[in-house]
**Q** 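Quick one: the structure is below, and I'll ask about it shortly.
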Amino acid sequence: MSVRTRFAPSPTGFLHIGGVRTALFNWLLARHFGGQFILRIDDTDQQRHVDDALGRILDGFRWMGMDWDEGPDKGGPLGPYFQSERSDLYKKAADALVASGHVYRDYSTQQERDADREAQKSHKVAYRFREKPISDDDRARFEAEGRPFGLRFRVPLGRSMVVHDLIKGDVEQKTDEIGDFVIVRPDGMPLYNFASVVDDVEMKITHVIRAEEHLSNTFPQLLIFEALGAELPAFAHVPFVAEVGSKTKMSKRKTEEYARRGIFVLLNQYIEKGYLPDAMLNYLARLGWSLDASQEIFTRDELIEKFSLDRVNSSPASHDPDKLFWIQGEWMKKLTVDQKVDGVLPYLAREGLAPDPVTPEFRKRVASVVAALGDRLKVFSDILTLGRYFFTETLTHDPDAVKKRLRKDGVPKMLAELDEVLATTEPYDLATLEKAVHAYAESHGHPMGQVVNPLRVATTGQGVGPGLYDCLVILGRESCRARIASTIAMLGSGT
RNA sequence: GGCCCCGUCGUCUAGCCUGGUCUAGGACACAUGCCUUUCACGCAUGCAACACGGGUUCAAAUCCCGUCGGGGUCACCA
């Protein structure tokens, strides 16, 4: 039988990296065994529905290159793939369980349950709902008056169940610990534990890989599988992703707070920064999974070939943006200049720094900037910080660089002399320029550093950047001379 | 509170199942040096961990028990 895995997001917002990682493990396992990866939308609770959330989730999957074999936009033989459209299936399953006596009508009221819960809590005991005997008269009366009821699973007492979890190992639980749980609300809405099992059975899911918060849920679910007479899938519960430098579980609700601290937890935030899908894939796979003692960089194909659940760590891993950044850099190094140009262009366009449409000449210019930037360009949006001055008319000076390199006696005079050098260098190319500047330094008795650094700040405004001659060539003679002039003017005016 | 999961450098992890080869290995980050006109890259070096306490054993990061810490679940949420 072919391996079938699924990821079941609820369309309530953005994908966060913990969820993406869980999805990735599902996808990787399916691809590893040549099986199917299914996307199923958990939208039973309309209350929590958020507009366009689904579109963003799907975009996230597409960006990651995690293609699904069945699901939204694609359909498939075992659909529909929206829980909101599967009511008939849940109804049928619920009826069957009522008929077989596994499930009963619960007429209890909110108040009654709350009171019971309080009472049990005060005895420092876990709350467990148990069926209360109900007289035939009452039952008849309730039915006659159309009193609402939920459907509850009658949990068999005195049994011990075990989940053979592929990540956690064997986990045991006694049914006495489980209260009779609701599978269908009075309004007919199926609850997660029930709907999820029905779907997994119907969709022939073979491996349920999900967040570890569902580990405890697995036991009630086991009961449902059994009552339905269905075959059990394999289970694998993935540990949570903790906050940066901490063991505390990362919370989607704290997204804004993390952002304020400069920590990104949403996939979209990394997409916008200009991270590479392959880097994200690599990072997420390594977060909680390892192949051996040494390999850090994995291609997509390698991941598919080598991924296995038994090498997923059973303890939580905390999100490490530094490591992501490093992996990103490694993947960036593999890109050709042309690929980098493609990645960088949208950022320039967004800031109005690129012509629309992009001309071949402009593309060439971007290519030369990207080439000059080399490994300094770690994420595509870096073009806006590291390469901005190549695309602006006016020069903006970094105050620290000005202070360190330009606020020195004799600098204006030297800049004027260098301007003369630039004006007369023929041809105006990298090798000739380098020779000319060297000759200038030597003839005036200046150490190279004291010439090159001021000239860099005068022409780029920055203290750091690509090789100076690269900058001079890309900027062009006229632009460099104009910038030197404006720098001298600035120094003279004392601003 | 009951039940369940988890606990190796700051972080990701190898080692744990099948005790000795572990004075615990690799990577990120950090620090220092080299390279160099700056930065980045690269190279070299350094810093740094078996949560704690018992037990078993000739020998424990590895097996057992307890404590502490983190997390989950106990919803007519997912």
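Lettering of chains follows the sequences in order, A, B, ..., and the numbering in each one begins at 1.
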**Q** Atom CZ of A:R117 and atom P of B:rU73: how far apart are they, to the nearest Å?
**A** 15 Å
**Q** Validate the cation-pi geometry between A:R147 and A:F142: distance from NZ or CZ to the six-membered ring centre under 6.0 Å, angle to the ring axis within 45°.
**A** yes
**Q** Check the surroundings of atom CG in A:D409: do more than 12 heavy atoms from other residues, nucleotides or ligands lie under 6.0 Å from it?
**A**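 Not buried by this count: 12 neighbours or fewer within 6.0 Å.
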**Q** Do the ring centers of A:F307 and A:F25 come within less than 6.0 Å of each other?
**A** yes
**Q** Should B:rC39 form a Watson-Crick or G-U wobble pair with both distances under 3.5 Å, which nucleotide is its partner?
**A** none
**Q** Pick the P atom in B:rC74 and in B:rA51, then give their distance to the nearest Å.
**A** 30 Å
**Q** Please confirm whether the ring centroid of A:H319 lies under 6.0 Å from the ring centroid of A:Y258.
**A** no
**Q** Indicate whether OP1 or OP2 belonging to B:rG2 is found under 4.0 Å from a side-chain N or O atom of A:R128.
**A**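 The answer is no; no side-chain N or O of A:R128 sits under 4.0 Å from OP1 or OP2.
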**Q** Name the orientation class of the two ring planes belonging to A:Y347 and A:F380 (parallel below 30°, tilted from 30 to 60°, perpendicular beyond 60°).
**A** tilted
**Q** Do other residues, nucleotides or ligands put more than 12 heavy atoms under 6.0 Å from A:K273 NZ?
**A**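 At most 12 heavy atoms, drawn from other residues, nucleotides or ligands, come within 6.0 Å of this atom.
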**Q** Determine whether a donor-acceptor pair (N or O, by modelled atom type, separation under 3.5 Å) exists between the side chain of A:D43 and the backbone of A:Q83.
**A** yes
**Q** Would you mind pulling out the nucleotide paired to B:rA44, Watson-Crick or G-U wobble, both distances under 3.5 Å?
**A** B:rU32
**Q** Partner of B:rG69 by Watson-Crick or G-U wobble geometry, both contacts under 3.5 Å, or none?
**A** B:rC6
**Q** Given the ring of A:F149, does A:R105 sit roughly above its face, with NZ or CZ under 6.0 Å from the centre of the six-membered ring and within 45° of the axis?
**A** yes
**Q** Using a cut-off of under 3.5 Å, enumerate the N/O to N/O pairs linking the protein to nucleotides 42-47 of chain B.
**A**
from: B:rG42; atom 1: OP1; to: A:K333; atom 2: NZ; distance (Å): 2.8

**Q** Would one find a side-chain N or O of A:K378 under 4.0 angstrom from OP1 or OP2 of B:rC41?
**A** yes
**Q** Is a donor on one side and an acceptor on the other found under 3.5 Å between the side chain of A:N26 and the backbone of A:I209?
**A** yes
**Q** For A:K408, does the NZ atom sit with more than 12 other heavy atoms under 6.0 Å from it, leaving out its own atoms?
**A**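 Count over threshold, so yes.
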**Q** Using a 4.0 Å cut-off on protein heavy atoms (strictly under), produce a 5'-to-3' string for nucleotides 6-11 of chain B with B for base contact, S for backbone-only sugar-phosphate contact, and - for none.
**A** SS---B
**Q** Consider the side chain of A:E213, meaning its heavy atoms from C-beta on, and name the nucleotide among B:rA40, B:rC76, B:rG72 that approaches it most closely.
**A**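 Within the option list, the nearest is B:rG72.
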**Q** Could you work out which one of B:rC5, B:rG71, B:rG15 sits closest to the side chain of A:L215?
**A** B:rC5
**Q** Is there a Watson-Crick or G-U wobble partner for B:rC58 with both distances under 3.5 Å, and which nucleotide is it?
**A** B:rG20
**Q** Which of the following nucleotides, B:rA78, B:rC12, B:rC3, is nearest to the side chain of A:L191?
**A**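 Minimum distance to the A:L191 side chain belongs to B:rA78.
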**Q** Any N/O pairs under 3.5 Å between the protein and nucleotides 37-39 of chain B? List them or say none.
**A**
from: B:rU37; atom 1: O2'; to: A:N453; atom 2: OD1; distance (Å): 3.3
from: B:rU37; atom 1: O2'; to: A:N453; atom 2: ND2; distance (Å): 3.2
from: B:rU37; atom 1: O2; to: A:R456; atom 2: NH2; distance (Å): 3.2
from: B:rU38; atom 1: O4'; to: A:N453; atom 2: OD1; distance (Å): 3.3
from: B:rU38; atom 1: O2'; to: A:G463; atom 2: O; distance (Å): 3.3
from: B:rU38; atom 1: O2; to: A:G465; atom 2: N; distance (Å): 2.8
from: B:rU38; atom 1: O2; to: A:G465; atom 2: O; distance (Å): 3.2
from: B:rU38; atom 1: N3; to: A:R456; atom 2: NH2; distance (Å): 3.1
from: B:rU38; atom 1: N3; to: A:G465; atom 2: O; distance (Å): 2.7
from: B:rC39; atom 1: O2; to: A:R376; atom 2: NE; distance (Å): 2.3
from: B:rC39; atom 1: O2; to: A:R376; atom 2: NH2; distance (Å): 3.4
from: B:rC39; atom 1: O2; to: A:G465; atom 2: O; distance (Å): 3.4
from: B:rC39; atom 1: N3; to: A:R376; atom 2: NE; distance (Å): 3.2
from: B:rC39; atom 1: N3; to: A:R376; atom 2: NH2; distance (Å): 2.5
from: B:rC39; atom 1: N4; to: A:R376; atom 2: NH2; distance (Å): 3.4

**Q** Which base sits across from B:rA27 as a Watson-Crick or G-U pair, both distances under 3.5 Å?
**A**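 B:rA27 is paired, partner B:rU11.
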**Q** Would a line drawn from the ring center of A:W289 to the ring center of A:F298 be shorter than 6.0 Å?
**A** yes
**Q** Rounded to whole angstrom, note down the C1' distance from B:rU8 over to B:rU32.
**A**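 It works out to 27 Å between them.
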**Q** To the nearest Å, give me how far apart CD (A:Q111) and P (B:rC76) are.
**A**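 Rounded to the whole Å, the gap is 14 Å.
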**Q** Counting only distance, no hydrogens or angles, is the base of B:rG26 paired donor-acceptor with the side chain of A:Q295 under 3.5 Å?
**A** no
**Q** Strictly by Watson-Crick or wobble contacts shorter than 3.5 Å, is anything paired with B:rA78, and which nucleotide is it?
**A**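 Base partner found: none.
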**Q** When you measure from the side chain of A:V171, which nucleotide among B:rA78, B:rG71, B:rC5 comes out closest?
**A**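 Nearest nucleotide to the side chain: B:rC5.
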**Q** For A:S10 and B:rA78, is the shortest distance between a side-chain N/O and OP1 or OP2 below 4.0 Å?
**A**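 Looking at the OP1 and OP2 atoms of B:rA78, neither is under 4.0 Å from any side-chain N or O of A:S10.
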**Q** Is the A:H397-A:Y389 ring centre distance short of 6.0 angstrom?
**A**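 No, too far apart.
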**Q** Does B:rG15 have its OP1 or OP2 closer than 4.0 Å to a side-chain nitrogen or oxygen of A:R311?
**A**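 A:R311 to B:rG15 OP1/OP2: side-chain N or O found under 4.0 Å.
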**Q** Using a cut-off of 6.0 Å, state whether more than 12 heavy atoms not belonging to A:Q339 lie near its atom CD.
**A** yes
